[in-house]
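Heads up, the thing below is written out as structure tokens.
Remember, it's a predicted structure, so these values are computed and weren't measured experimentally. In what follows, every chain begins at residue 1, and chains take the letters A, B, ... in the order their sequences are listed.
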Amino acid sequence: MRFFTSILRTPLFSFVKSISFLRPYHNYSPALLDKCKHLKQLNQILSQTIVTGLFHSDPFVSSKLLLNSLSNCFHQDDPLGFSHTLFLQIPKPNIFAWNFMFRAYSNSSCPTECLMLYNLMRHTQILPDNYTFPFILKACARLSLLEKGREIHAVSLNLGLEVDVFVQNALISMYSLCGMVETAHTVFNALPVLVRDVVSWNSIISGCMQTHAHYGKALKLFGGLLGDNNVRPNEVSIASALSACAKLSSLDLGKKIHAFMITGGFKLDVFISSSLVDMYAKCGQTDDAQNVFDRIPDKNVVCWTAMIACYVQSDLYKEAIELFREMQLARVTADSATVACVISACGHLGALDQGRWIHGYCERKGIEMNLSVWNALIDMYSKCGDLNKAFENFHFLTQKDVFTWTVMITGLAMNGESDQALQLFSQMEVSNSVRPNDVTFLGVLSACSHGGLVEKGSHYFEVMSQKYNLTPRIEHYGCMVDLLGRANLLVEAQKFISAMPIEPDVVIWRSLLFASWCHRNIDLAEFAANQIEELEPRRCGARVLLANAYAATSRWNDVKRVRKAMDEQSIEKQPGCSFVEVNGVIREFLVDDFSHGRRDEILDIVTRINNILQHVQVDPDI
DNA sequence: GTAGGGTTAG
């Protein structure tokens, strides 16, 4: 192909062009071109049209050839290069040829090229038409070029396209993707009711969803679409509405839309099914998500990822990794969204070997390493205790977002590096590129708590609301109680709880109970345990801690009393549980659980597994 | 022309 591309630029090409009038025209056949699926065939036809002169004299022929090369996309590394060269050889491309190029570039990885070509066209006699504008506006939207978009809008008005529904729909999308939802609404409202179609509705709905997170507004608009007698919603409308329900965790409405879909005879395609899986997942309905997922016949990467993400969101990390494995066996290649979820699962399990393997998998499979993946990796390495590797990746990133800073700060805090965590937070503030959010402050406060830095903690608690206008959530109050409690400031901790503007939950009382136990304050421990019992009468955690507190002060009768009460109410102690990675295999261990064998037996099994693994050739991607 | 999945958390 490269050979041919270069031919187009050579003097030989000009020579053939100049003698082409000598040849007859009858070799070209449009029907033949429609069937052409290989570069070699296209080259043959193209050569014929050049030799016969048709390529340069008949705009229909050159446009048809261009369209064929674009739709076949012959070269994977540079999918549009060949077509672009071909296009430049057309002496006076008609509007069809221009629009083919605009369409291709507006969907490509370099939409800028679309605008460059548009500028080129504006220097010719050819005027844009109603097909041109949607492509150019899409390129503006993808590049967030609001001013350029406005300019194009003005040109379209000059050409009298204010009631063309294709152009208006593209304007709605462009304005909302450029952050101008209000203007998008103005365009939508200005469309005569009989002109509006389902794409107009879908465009304004997804506009509300994408950049400004106006999920409630999106659902109201979906209601408006249902009430529009001239338009019937389609699969795109349903997918957007489900996505809004997912974002709002609105299970009732999500179920209603699911029912509406079934009764309305909508096609349950892989797109809608993925939205359904996600909706049930975000509403905490793992079983329903699983049911929908199991029934999807041709599962693609998106629905696999939606289900893996569902497991991660429900803290089912082992299941998430297992499903990823099944996805490998189904020969579906993961993408950046999938690996971000799976890496997160590895982090939560402390599965460093698996996490490293997935890092390598990304490199082997050429998965796009976007910021979400790097953030998940940094988080995974620090959760697994490999702070050096986490830092190495953190420093490697030239662009950092609020997740990047937050995972690193939190990672340092949880590894006991409080001073370093606070230093990094200062760096974040100085860099002034990213604004910390409420989760960043959870990291900062937990660093203070683990380092016993009471004054600093109180300072940052103030900074959070006063400087950054962030309202502390129950989690932040929890950090503060933990901070005061660990520092043996039990009275202050109790006062702090009383002064909280929100009702304390069990986690707050558990922190106080734990601190009271550590510092042997039995009265306060009893008080906190009572509070927990009121909130969670069937759970045993508080009583176990209280019994431990009595034991720590040798109050054996009280220990017996608490244990007896637990027995009488048939409340059993929940066994502690932890995950251990043995040569990349995640094993779950419970306290007093010998299902994996006794210690020497476990070691024996581990040795045997190691021996087997040494002699087995495992496909590294399965 | 419009559509689905992702990273941080006491």
Residues passing the ring pair (Phe, Tyr, Trp, His ring centres under 6.0 Å) test with A/Phe266, sequence neighbours excluded, are A/Phe260

How is A/Ile378 classified with respect to the nucleic acid when contacts are heavy atoms under 4.0 Å: base, sugar-phosphate, or nothing?
nothing

More than 12 non-hydrogen atoms from neighbouring residues, nucleotides or ligands closer than 6.0 Å to OH on A/Tyr131, yes or no?
no

5' to 3', nucleotides 2-7 of chain B under a 4.0 Å protein heavy-atom cut-off (B base, S sugar-phosphate only, - none) gives BBBBBB

Whole angstrom is fine here: how far is it from OH in A/Tyr317 over to C1' in B/dA9?
10 Å

Closest approach of A/Leu371 to A/Gln399 (non-hydrogen atoms, all atoms of both residues):
CD1-O, 3.5 Å

Do the ring planes of A/Phe461 and A/Tyr477 sit parallel (below 30°), tilted (30 to 60°) or perpendicular (above 60°)?
perpendicular

Atom-to-atom span, CE of A/Met414 to P of B/dG10 - whole angstrom
7 Å

Result of checking A/Phe396, A/Phe394, A/Phe403 against A/Trp374 for ring pair (Phe, Tyr, Trp, His ring centres under 6.0 Å)
A/Phe396

Starting at CZ of A/Phe496 and ending at C1' of B/dG10, how long is that distance when rounded to a whole Å?
12 Å

To the nearest angstrom, the CG-C1' distance between A/Leu470 and B/dT8 comes to 14 Å

Rounded to whole Å, please give me the gap between CD1 in A/Ile205 and C1' in B/dG1.
15 Å

Name all residues meeting the ring pair (Phe, Tyr, Trp, His ring centres under 6.0 Å) criterion together with A/Phe100; count only those two or more places apart in sequence or in a different chain, and write none if there are none.
none

Between B/dG10 (P) and A/Arg486 (CZ): distance, integer Å:
11 Å

Mind calculating the distance between CE (A/Met480) and P (B/dG10) to the nearest angstrom?
16 Å

Any base atoms under 4.0 Å from A/Asn130, or only sugar-phosphate, or nothing? Heavy atoms, all strands.
nothing

Nearest-Å distance, CH2 (A/Trp374) to C1' (B/dT8)?
18 Å

